[in-house]
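Notes follow once the structure below has been shown.
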Amino acid sequence: MHLQPAFARWRHDLPATEQASHEILTLPLHQHLTEADIDQVVTALGQALTEARTTLHTGQSQQ
């Protein structure tokens with residue numbers, strides 16, 4: 001969040017936070033998600049997991 005433009009005036013270097021952002025997956029979760037939003041999130045997550053599984057097995061990225 002600290003890298004978002006809305007927070008620019010309060011920005012500080014947060015190296016541990018930035019490292020964690022490369023290692024942790026955060027999914028959108030709030031009461032205003034529509035069914036279409038949920039479908040999009042689930043589809044994207046499924047694709048990412050498939051790509052990650054392929055990468056682990058072959059050692060190559062699927063780009």
Side-chain angles (χ1 to χ4, degrees):
M1 296 270 305
H2 71 289
L3 298 177
Q4 296 297 316
F7 300 103
R9 72 187 274 191
W10 299 285
R11 180 161 187 218
H12 295 283
D13 288 332
L14 299 172
T17 300
E18 291 171 27
Q19 179 61 37
S21 75
H22 296 287
E23 299 172 4
I24 296 171
L25 175 66
T26 303
L27 300 175
L29 178 67
H30 57 80
Q31 70 272 20
H32 300 292
L33 286 175
T34 65
E35 289 291 326
D37 294 334
I38 294 167
D39 288 343
Q40 183 178 6
V41 169
V42 170
T43 298
L45 178 58
Q47 290 172 345
L49 291 173
T50 298
E51 185 174 318
R53 185 178 321 119
T54 301
T55 301
L56 284 173
H57 289 297
T58 66
Q60 298 176 359
S61 179
Q62 294 288 312
Q63 297 201 19

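Hydrogens, waters and symmetry mates play no part in the numbers below; they use all other heavy atoms, side chains included. We count residues from 1, following the sequence as given. In this text, all values refer to a predicted model and were calculated from it rather than measured experimentally.
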Problem - ILVMFWY cluster, Leu33 and Leu45 together (side-chain gap under 4.5 Å) - result: no
Got a list of side-chain donor-acceptor pairs under 3.5 Å for residues 13-27, not counting sequence neighbours?
residue : atom : partner : partner atom : Å
Glu18   : OE2  : His2    : NE2          : 3.0
Gln19   : NE2  : Glu23   : OE2          : 2.5
Ser21   : OG   : Glu18   : O            : 2.6

Exercise for the section: If a pair satisfies side chain to side chain donor-acceptor pair (under 3.5 Å) and one of its residues is in residues 39-49, list it, with sequence neighbours excluded. Expected result: none
Completion exercise
Besides Trp10, the hydrophobic cluster formed by Ile, Leu, Val, Met, Phe, Trp and Tyr side chains linked at under 4.5 Å, directly or via other members, contains Met1, Phe7
Handout entry: Whichever hydrophobic residues join Leu3 through chains of side-chain contacts under 4.5 Å
Key = none
Exercise for the section: Have a look at Pro28 and tell me which of Ile38, Asp37, Val41 forms a side chain to side chain contact (heavy atoms under 4.5 Å, CB included) with it. Expected result: Val41
